[in-house]
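It should be emphasised that the depicted structure is a prediction, and the values quoted were computed from it without experimental measurement.
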Amino acid sequence: MDKIGFIGLGNMGRPLAERLIKKYKLYAYDLEKTNLQYFTDKGAIACSSPSEVASKVNEVFLCLPTSAIVETVINGDKGLAISAKRGSYIIDMTTGEPEITRKISDKLKEKNINFLDAPVSGGPKGAHQGNIAIMVGGTESQFVKIKPIMDDISSNIFYAGKIGSGHSIKAGNNLLNLICRMATFEVISLLVKDGVDPKKAVEIIQKKLW
């Protein structure tokens, strides 16, 4: 059985890692011990640090709260960069910041370590169902190399372009979502002012008559 590393087993990371553990021997790390226990009960190997994860595998997936945390996990004390093998891959599925992502990538290139951003859209439900959207930033050759593993996570994988492009598109997607929500609130407000029952307005608009 092939080996995969996974760091960050929270609300979003858990269903992503669950897709991988069906096919791969999972080497896992998370600050929350109960998250680790959930996966060791399924056969995963718990590691004591990101560095230990990197020493065991050639591909490590990250799903963390922020890019700042990603940077610490990679370059900090007991970080991935300490023991990651030359030619290995780190795939960041965090909803992150493009500029930090590019800075991390530049630093890892010096050690011949591949870094890709691969944020997701679709929530835990999409991850569980295996149809979550994954937007991948990196070189085309890096994408081709890592895509077979991503195929085991989801059927909806998109090559976004150069490093950081996945995070850029995810940020754009989030902005569009926010704009749509704000526009919806404004429309409902206008309808209520015109005497329409708000529950009726929401019920009918949710049917996407437009």
Task: Verdict with supporting geometry, Tyr24 and Asp152, side chain to side chain contact (heavy atoms under 4.5 Å, CB included) - done: CA-CA 10 Å; Tyr24 303 91; Asp152 294 316; 2.5 Å; yes
At what distance, to the nearest 0.5 angstrom, does [atom1] of [X] lie from [atom2] of [Y]?
X      : Y      : atom1 : atom2 : answer
Ile69  : Glu71  : CD1   : CD    : 11.5 Å
Ile149 : Phe61  : CD1   : CZ    : 5.0 Å
Lys25  : Ile45  : NZ    : CD1   : 4.0 Å
Lys162 : Ser168 : NZ    : OG    : 8.5 Å
Ile21  : Arg14  : CD1   : CZ    : 11.5 Å
Ile91  : Thr94  : CD1   : OG1   : 12.0 Å

Backbone N/O of [Y] and side chain of [X]: donor-acceptor pair under 3.5 Å:
X      : Y      : value
Tyr27  : Cys47  : no
Asp117 : Gly164 : yes
Ser154 : Met150 : no
Ser67  : Val70  : no
Ser83  : Ser51  : yes
Asp30  : Asn35  : no
Ser55  : Glu52  : yes

Side-chain donor-acceptor contacts of residues 118-139 below 3.5 Å, not counting sequence neighbours, with atom names and distances?
{"from": "Ser121", "atom 1": "OG", "to": "Asn173", "atom 2": "ND2", "distance (Å)": "3.4"}
{"from": "Gln129", "atom 1": "OE1", "to": "Asn131", "atom 2": "ND2", "distance (Å)": "3.4"}
{"from": "Thr139", "atom 1": "OG1", "to": "Ser141", "atom 2": "OG", "distance (Å)": "3.2"}
{"from": "Thr139", "atom 1": "OG1", "to": "Gln142", "atom 2": "N", "distance (Å)": "3.1"}
{"from": "Thr139", "atom 1": "OG1", "to": "Gln142", "atom 2": "OE1", "distance (Å)": "3.3"}

So [Y] and [X], do their side chains get closer than 4.5 Å, heavy atoms only?
X      : Y      : answer
Ile74  : Asp92  : no
Tyr159 : Ser165 : no
Tyr38  : Glu18  : yes
Leu9   : Glu32  : no
Phe115 : Thr101 : yes

Task: side chain to side chain contact (heavy atoms under 4.5 Å, CB included) between Ile205 and Ile188, intermediate numbers included - done: CA-CA 9 Å; Ile205 288 175; Ile188 297 298; 3.7 Å; yes
Open item on the list: Around atom CG of Asn11, are there more than 12 heavy atoms from other residues, nucleotides or ligands closer than 6.0 Å?
Closed with: no
Open item on the list: Do the side chains of Lys147 and Asp151 get close enough for a salt bridge, i.e. N-O under 4.0 angstrom?
Closed with: yes
Quick one: side chains of residues 189-197, donor-acceptor pairs under 3.5 Å with protein atoms, not counting sequence neighbours, listed by atom name and distance.
{"from": "Asp197", "atom 1": "OD1", "to": "Lys199", "atom 2": "N", "distance (Å)": "2.9"}
{"from": "Asp197", "atom 1": "OD1", "to": "Lys200", "atom 2": "N", "distance (Å)": "3.1"}

- [ ] Check the pair Ile7 / Leu62 against side chain to side chain contact (heavy atoms under 4.5 Å, CB included), numbers first and verdict last.
- [x] CA-CA 5 Å; Ile7 298 175; Leu62 311 177; 3.7 Å; yes
- [ ] Please name the pair of heavy atoms, one in Ala81 and one in Asn75, separated by the smallest distance, quoted to 0.1 Å.
- [x] CB-OD1, 3.8 Å
Task: Common cluster, Ile169/Ile157, ILVMFWY with side-chain heavy-atom separation under 4.5 Å - done: no
